[in-house]
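Note on naming: letters A, B, ... go to the chains in the order of the sequence lines (proteins, then strands), and numbering restarts at 1 for each one.
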Amino acid sequence: MNIQTLLNQRIQAAMVASGAADDAPALVRQSAKVQFGDYQANGIMGAAKKIGTNPREFAAKVLEQLDLSDVADKVEIAGPGFINIFLKNEWLGSALADLRHSERLDVATVEAPQTVVVDYSAPNLAKEMHVGHLRSTVIGDAVVRTLEFMGHNVVRQNHVGDWGTQFGMLLAYMERLRAENSEISMALSDLESFYREAKKCFDDDEAFAARARELVVELQSGDEQCMALWQEFINISLEHCEETYRMLGVSLERKDVMPESAYNSDLQNVINDLEAQGLIKEDQGAKCVFLEEFANKEGDITPIIVQKTGGGFLYATTDLAAVRYRQKVLNADRALYFVDARQSLHFQQIFTLSRKAGFAQPSISLEHMPFGTVMGSDGKPFKTRSGGVAKLSALLEEAQERAFQLVASKNPDMPEEEQRNIGRVVGIASVKYADLSKNRTSDYVFNWDNMLSFEGNTAPYLLYAYSRVASIVRRSEMDVSALNAPITVVEDQERALAVKLCQFEEAIQQVINDGMPHFMCAYLYELAGIFMSFYEACPILNAEDALKESRLQLALSTAATLKQGLELLGIETLERM
RNA sequence: GCGCCUGUAGCUCAGUUGGAUAGAGCAUCCCCCUUCUAAGGGGAUGGUCGGGGGUUCGAAUCCCUCCAGGCGUGCCA
C-alpha cells in the first residue's frame, strides 16, 4: 500500500480534468500538522498559476472532479489553495488487514524491475579495513537490501583495491619472511602490522626497496611466481574483509568482488578508444582528456589524466573501464557509487567522459552517492585513542563489549551467554544505526554514549521497542496466525499508529530514490515512538475480546514492520532484551 | 586562484526537493510504575535557520554577495 502514490494519481487526474497541464504534479505529501489532515496536496497553487486562474477557485474545480469517498471522509481546501485529506478510519482498518495478511506488509514489488549495479565497500586490500570503510559498506548494503526487497535486480560490485605500487613492498616482505622461514600466515593475521613492518623495511633498506620496485614490474608483466605470491596475499586479505562483513552482517560475498585488477587487460583498449575518437591530447608527457565541462571562467581546463608519462594507468582509467563493463556486460539501468564525497570531481569527470566516449549510453543512470567523514569528538577525522586509524574489527569488538557491559548492568540475573548475544546484536546495531540514521552527505561525530543510548533515534531504542512488542505477542498466548477479527481504528493513538504502518512503502521509496537509508531510520523511529504512545494509552491484553484482537493485530503489524525495516537496514532484532 | 560541500536550539541531528506557526533526542525543569519490559511515557523551557540583499501568493530550501569551516584541484587511489 502506497497512499501517497494513490492520492497523487487520483488528484493529478482530477487536476488534468479541471484544465491543468498533463504533467502538472499534485505534490501529495504527508501533512505537516494534524489539523491539516493525513495528507496534503501542494500542487494546486503552481498549476493554477500556470493556467492563470485563482488557486482556491481552481482547487474547488478539482474537488468537483475528485472522488476520494472510498478512502477519505473529509477533503478540504485550506490556506492559499492546499487540499487537505483526512483518511477514513474504516478504510485504514481494511488497509491494515491487507497489511497484516501479507508476507510483504502489503508492499508490492516494482512493475518494471531495473538492473542496478551498486559499487560499495571497496576496501584497499593492502591494509585492513578501517573506520573509513564503514559508511560505504553499511549504507551501500542497506540500499542493496532495499532495492532487492522491491524486486530490482541488484549486482553488487566490491571494487577492491588489489593493484598498485604498494603491493611490491608487501610482496617483497613476504619473500623475505619466506626466506627466513618465518610463518607467513601468522604474520598476515594482522595485516595492519604487516603493512607497517613492510613499510619500515621499504623506508630503511635500500636493497629491499629496490626488490619491491622490481616486484611491481614483475607483477605488472604477469610473472607467474610473482602472481602466485600476490594471489596468496589477496586471498588472505579478502578473508579478513569477509570476517569483518560477517561480524557486521553485511551481505557481500566473494562472488561480489570485482577488483581493480580485473580491468587490467582492458585499460589499453580504453586508451585506444579514446584516442580513436580524438579525445586524447598529450600534455607534458601524459595522455589527457580536456573537456570543456571542466573549464573555469578563464577557459583553463582541469584535465582527466588517463595514462601517465611512461605508460602507467591511473584509477581514472580503471573507473572508465568499469563504467563500460557495467554498461556493456552487466547491462545496468542504474549504477550507484557509494564513495567518499572527496571524489566528487573525479566521478563527474568519469561520468561526463563516459557519456562523451559512448562507454555509457543515455539510458544508464550513473549516480555518485557521496558520503561525509566520520569525525571524532574533536571535530577531526575519527582516530583511536593512540591517534592511529581505527581498525574496523577492533571498533566492532569494542562496540560489542560496551553493549555487553550495559546489558549485564541492566540485567544482572540473565545468563551470561544471553547477555553476550544481546551485547553482540546491540553493539553492532548501534554502530551501523548511528551511521545509517544520519544524512548520508554530511560528516558525523562518532560518539559511543550517543549511539548506545536507549533514548532518542538509536538502535537500542528501536531494538527495545521491538522486543517489547514481541513480548506482548508472546504473553497473549494466542495463535496469532489465526487472528482474523476486524481491525478497528478509534482512539487517536490507534489511528496514528495505523496511518504510520501504512506508510512503510513510502519510506522504502525514499531510500531507493536518493540512496539514503536515514529516511528508513526516521520512519522506524517515528513508528516506535507512536507505538509507545499507543502502548501507554491503549491496553492490549486486558481489553475485551474484539478490542484485544484488533489491538493485538496492530501490535503484530508494528512488530513485523520494525523487523522488516531493520532487516532492510541490515540490523538483527532480538525477541528479548 | 578556481571548484564542490557544510553552517538550523547549549550539544547531537532531521527538515519529504518552494508550502501553512522550523522539528526530534540529549542536557535543564516538572509530572506518571497496585495494569502488557520505567532500557518507557506525558509536559515545559530553549531559534534573527551564519550575515545581508533578491526572486513570489509563500524561502532553512532557489539566485547574488559577504563571513566562517572542511575537502578537492596534471601524472596516489
> Any side-chain N or O of A/Thr309 under 4.0 Å from OP1/OP2 of B/C75?
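Answer no for this pair, as no side-chain N or O of A/Thr309 is under 4.0 Å from OP1 or OP2.
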> Looking at A/Ser377, I'd like to know whether one of its side-chain N or O atoms comes within less than 4.0 Å of OP1 or OP2 on B/U12.
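For A/Ser377, the contact criterion (side-chain N or O under 4.0 Å from OP1 or OP2 of B/U12) is not met.
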> Ring centres of A/Phe531 and A/Tyr466 under 6.0 Å apart?
no
> With the side chain of A/Cys288 defined as its heavy atoms from C-beta on, choose the nearest nucleotide among B/U73, B/G40, B/G74.
B/G74
> Determine, for A/Asp38 against A/Arg495, whether the closest basic-nitrogen to carboxylate-oxygen distance falls under 4.0 angstrom.
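Salt bridge present between A/Asp38 and A/Arg495.
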> Could a donor-acceptor pair under 3.5 angstrom be found where the side chain of A/Asn84 meets the base of B/A20?
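Indeed there is one.
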> When you measure from the side-chain N and O atoms of A/Lys33 to the phosphate of B/G23, is any distance below 4.0 Å, counting only OP1 and OP2?
yes
> I'd like to know if A/Ser344 reaches the base of B/C4 with its side chain such that a donor and an acceptor end up less than 3.5 angstrom apart.
no
> With a 3.5 Å cut-off and heavy atoms only, can you find an N or O donor on one side and an acceptor on the other between the side chain of A/Tyr315 and the base of B/A77?
yes
> On a heavy-atom basis, which atom in A/Asn411 and which in A/Gln419 lie closest, and how many Å separate them?
O-NE2, 2.8 Å
> For A/Gln307, answer base if it contacts any base atom (sugar-phosphate contacts may also be present), sugar-phosphate if it contacts only those atoms, and nothing otherwise; contact means non-hydrogen atoms under 4.0 Å.
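The answer is nothing, as A/Gln307 stays clear of every strand by at least 4.0 Å.
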> Does any nucleotide pair with B/C4 by Watson-Crick or G-U wobble geometry, both distances under 3.5 Å, and what is it?
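Its partner is B/G70.
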> Tell which nucleotide pairs with B/A38, taking only Watson-Crick or G-U wobble pairs whose two distances are both under 3.5 angstrom.
none
> Select base, sugar-phosphate, or nothing to describe what A/Ser476 touches, counting heavy atoms under 4.0 Å on all strands.
nothing
> Return no unless some side-chain N or O of A/Lys49 is found under 4.0 Å from OP1 or OP2 of B/C57.
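It does, given that an N or O in the side chain of A/Lys49 lies less than 4.0 Å from OP1 or OP2 of B/C57.
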> So A/Asp514 and A/Gln510, side chain to side chain donor-acceptor pair (under 3.5 Å) or not? Walk me through it.
CA-CA 6 Å; A/Asp514 301 333; A/Gln510 283 184 298; over 6 Å; no
> Assess the pair A/His346 and A/Tyr315: is the distance between their ring centroids shorter than 6.0 Å?
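Centroid distance A/His346-A/Tyr315: below 6.0 Å, so yes.
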> Of all the nucleotides listed (B/G40, B/C57, B/U73), which has the minimum atom distance to the side chain of A/Phe454?
B/G40
> NA contact type, A/Gln343, heavy-atom cut-off 4.0 Å: base, sugar-phosphate, or nothing?
base
> Within the 4.0 Å heavy-atom criterion, would you say A/Asp283 contacts the bases, only the backbone, or no part of the nucleic acid?
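Since a base atom lies under 4.0 Å of A/Asp283, the category is base.
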> Could you tell me whether the phosphate oxygens of B/G15, OP1 or OP2, come under 4.0 Å of any side-chain nitrogen or oxygen in A/Asn439?
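So the side chain of A/Asn439 is within the cut-off, an N or O lying under 4.0 Å from OP1 or OP2 of B/G15.
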> Taking the six-membered ring of A/Phe404 as reference, does the cationic atom of A/Arg420 (NZ for Lys, CZ for Arg) lie under 6.0 Å from its centre and within 45° of its axis?
yes
> What is the distance from CZ of A/Phe371 to C1' of B/C71, rounded to the nearest Å?
14 Å
> Heavy atoms within less than 4.0 Å of RNA chain B: which residues of residues 531-539 of chain A have one? Give them sorted by number.
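Result for residues 531-539 of chain A: A/Met532, A/Ser533, A/Tyr535, A/Glu536, A/Cys538, A/Pro539, sorted by number.
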> With heavy atoms under 4.0 Å as the rule, sort A/Asn457 into base, sugar-phosphate or nothing.
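No contact.
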> Please figure out whether A/Arg475 or A/Lys308 has its closest RNA chain B nucleotide nearer the 5' end.
A/Arg475
> Among B/C71, B/G74, B/C36, find the nucleotide with the atom closest to the side chain of A/Arg342.
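The nucleotide sitting nearest to the side chain is B/C71.
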> Are any of A/His346's side-chain N or O atoms less than 4.0 Å away from OP1 or OP2 of B/C76?
no
> Assign A/Ala78 to base, sugar-phosphate, or nothing according to its heavy-atom contacts below 4.0 angstrom with the strands shown.
base
> Look through every strand shown and name the nucleotide pairing with B/C75 as Watson-Crick or G-U wobble, where both distances are under 3.5 Å.
none
> Please determine if A/Asp378 and A/Lys380 form a salt bridge, counting it only when a charged side-chain N lies under 4.0 Å from a carboxylate O.
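So A/Asp378 does not pair with A/Lys380 through a salt bridge.
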> Would you mind reading off the distance between A/Lys410 atom NZ and B/U37 atom P, rounded to a whole angstrom?
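Interatomic distance, NZ of A/Lys410 to P of B/U37: 17 Å.
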> Take A/Arg342 and A/Asp340 through the salt bridge (Lys or Arg N to Asp or Glu O under 4.0 Å) test and state the conclusion after the steps.
CA-CA 5 Å; A/Arg342 283 173 295 193; A/Asp340 196 301; 2.9 Å; yes
> Only pairs with both distances under 3.5 Å count, Watson-Crick or wobble alike; so what is the partner of B/C62 in this structure?
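Across any shown strand, B/C62 pairs with B/G54.
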> Hey, would you say the A/Phe371 and A/Phe338 ring centroids sit under 6.0 Å apart?
no
> Can you work out whether A/Met516 or A/Leu314 has the more 5'-proximal nearest nucleotide on RNA chain B?
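First, find each residue's nearest nucleotide; the 5'-ward one identifies A/Met516.
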> Please name the nucleotide paired to B/G18 by Watson-Crick or G-U wobble geometry with both distances under 3.5 Å, or report none.
none
> Is A/Lys548 close enough to B/C36 that one of its side-chain N or O atoms is under 4.0 Å from OP1 or OP2 there?
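Checking B/C36 against A/Lys548, no side-chain N or O comes under 4.0 Å of OP1 or OP2.
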> Atom NE2 of A/His368 and atom P of B/G72: how far apart are they, to the nearest Å?
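That distance rounds to 13 Å.
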> Ring centres of A/Tyr461 and A/Tyr464 under 6.0 Å apart?
no
> Does the side-chain ring of A/Phe82 lie flat on the base of B/A20, meaning centres under 5.5 Å and planes less than 30 degrees apart?
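Here A/Phe82 meets both the 5.5 Å and the 30° conditions.
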> Looking only at side-chain N and O atoms, does A/Tyr461 come under 4.0 Å of OP1 or OP2 in B/G41?
yes
> If pairing requires Watson-Crick or G-U wobble contacts with both distances under 3.5 Å, which nucleotide is the partner of B/G46?
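For B/G46, the partner nucleotide comes out as none, under the 3.5 Å rule.
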> Between B/A20, B/U12, B/G74, which nucleotide has the shortest distance from any of its atoms to the side chain of A/Gln284?
B/G74
